[in-house]
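Reading through the structure tokens given below for one structure.
All values reported here derive from a predicted model rather than from experimental measurement.
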Amino acid sequence: EFSDSIIFVKTAARPEILKLSSNPQSLIFGGVEPSILTTTISDTYGNPVENEKAAYSILTGIGTILPINIKTNSEGNIFASFLQSDSYGLVVIKSEDSNVTPLIYDTTSLYISLKPEYLTLTLSKYTIGASDSNVVLFTVYISDTNHYPVSGENIRITLISTTGNTDIGA
């Protein structure tokens, strides 16, 4: 009887894909909350590549990037914190792995906005009849003095009707 075995050896995957994201994607000017940058490096099949390095740079805007870990972990992730400076506006950040040819990189954008200045409320319908079963869509847009969007603000809308007030949330 003949018996043989095959031994599979896992080899380091070649980095092919780099993705960069920021969370949150907008910050309020003067705040201390950072935006967490996540770089994910994977092979051509989407498998994570471990122990790979990536470098961050700010292409547009001003701020500071502080690395949380230097090399990719077992999930292929590198984390860093973006801290705002004394400037507001658009910030474009680049992450790249220059150890491979061709160079792989990605960019992410975040916006540092001023304090909320404007609130715009848009309704899909302005009147509803007593027997009308249609839904009215409320769209609220909050922006700063430059009309750039401001996220993370809580709002409360109260409807006033002939039958009383209706509170629709915060």
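Environment of CZ in Phe82: crowded, with over 12 heavy atoms of neighbouring residues, nucleotides or ligands closer than 6.0 Å. Heavy-atom neighbours of Asn69 CG from other residues, nucleotides or ligands within 6.0 Å: above the threshold of 12. Around the NZ atom of Lys53, the shell of radius 6.0 Å holds no more than 12 heavy atoms that belong to other residues, nucleotides or ligands.
The hydrophobic clustering, which links ILVMFWY residues whose side-chain heavy atoms are closer than 4.5 Å, places Val91 and Tyr88 together. Linking ILVMFWY residues whenever their side-chain heavy atoms come closer than 4.5 Å, directly or via other members, places Leu90 and Leu59 in the same cluster. No chain of hydrophobic side-chain contacts below 4.5 Å, direct or via other Ile, Leu, Val, Met, Phe, Trp or Tyr residues, connects Leu18 to Leu37. When hydrophobic clusters are built by joining Ile, Leu, Val, Met, Phe, Trp and Tyr residues whose side-chain heavy atoms come closer than 4.5 Å, directly or via intermediates, Phe79 is not grouped with Ile93. Hydrophobic cluster membership differs between Tyr141 and Leu123, with clusters built from Ile, Leu, Val, Met, Phe, Trp and Tyr side chains linked at under 4.5 angstrom.
Closest non-hydrogen pair, Val150 versus Ser143, comes out as CG2-C, 3.8 Å. In terms of heavy atoms, Ile155 sits closest to Ile142 at CG2-CD1, 3.6 Å.
Side-chain atoms of Gln84 come within 3.5 Å of backbone atoms of Gly31 as a donor-acceptor pair (strictly under, hydrogens ignored).
With rounding to the nearest 0.5 Å, the separation of CZ in Arg14 from CD in Glu52 is 9.5 Å. In this structure, the separation between CD on Glu50 and CG on Asn73 is 7.5 Å, given to the nearest 0.5 Å. With rounding to the nearest 0.5 angstrom, the CD1 atom of Ile17 is 12.5 Å from the CG atom of Asp97.
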Considering only distance and modelled atom types, tabulate donor-acceptor pairs under 3.5 Å from the side chains of residues 98-121, sequence neighbours left out.
residue: Asp106; atom: OD2; partner: Leu20; partner atom: N; Å: 2.9
residue: Thr108; atom: OG1; partner: Ser22; partner atom: OG; Å: 3.2

Considering only distance and modelled atom types, tabulate donor-acceptor pairs under 3.5 Å from the side chains of residues 39-48, sequence neighbours left out.
residue: Thr39; atom: OG1; partner: Tyr56; partner atom: OH; Å: 2.8
residue: Thr39; atom: OG1; partner: Ser95; partner atom: OG; Å: 2.9
residue: Thr40; atom: OG1; partner: Asn77; partner atom: OD1; Å: 2.7
residue: Asp43; atom: OD1; partner: Tyr45; partner atom: N; Å: 2.9
residue: Asp43; atom: OD1; partner: Gly46; partner atom: N; Å: 3.0
residue: Asp43; atom: OD1; partner: Asn47; partner atom: N; Å: 2.8
residue: Asp43; atom: OD2; partner: Asn47; partner atom: ND2; Å: 3.2

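Looking at heavy atoms from C-beta onward, Ser81 lies in side-chain contact with Ile36 at the 4.5 angstrom threshold.
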Report the C-alpha separation of Ile65 and Ile58 in whole Å, then their side-chain angles, then the decisive distance to 0.1 Å, and conclude whether the side chain to side chain contact (heavy atoms under 4.5 Å, CB included) test is met.
CA-CA 8 Å; Ile65 298 173; Ile58 298 174; 3.7 Å; yes
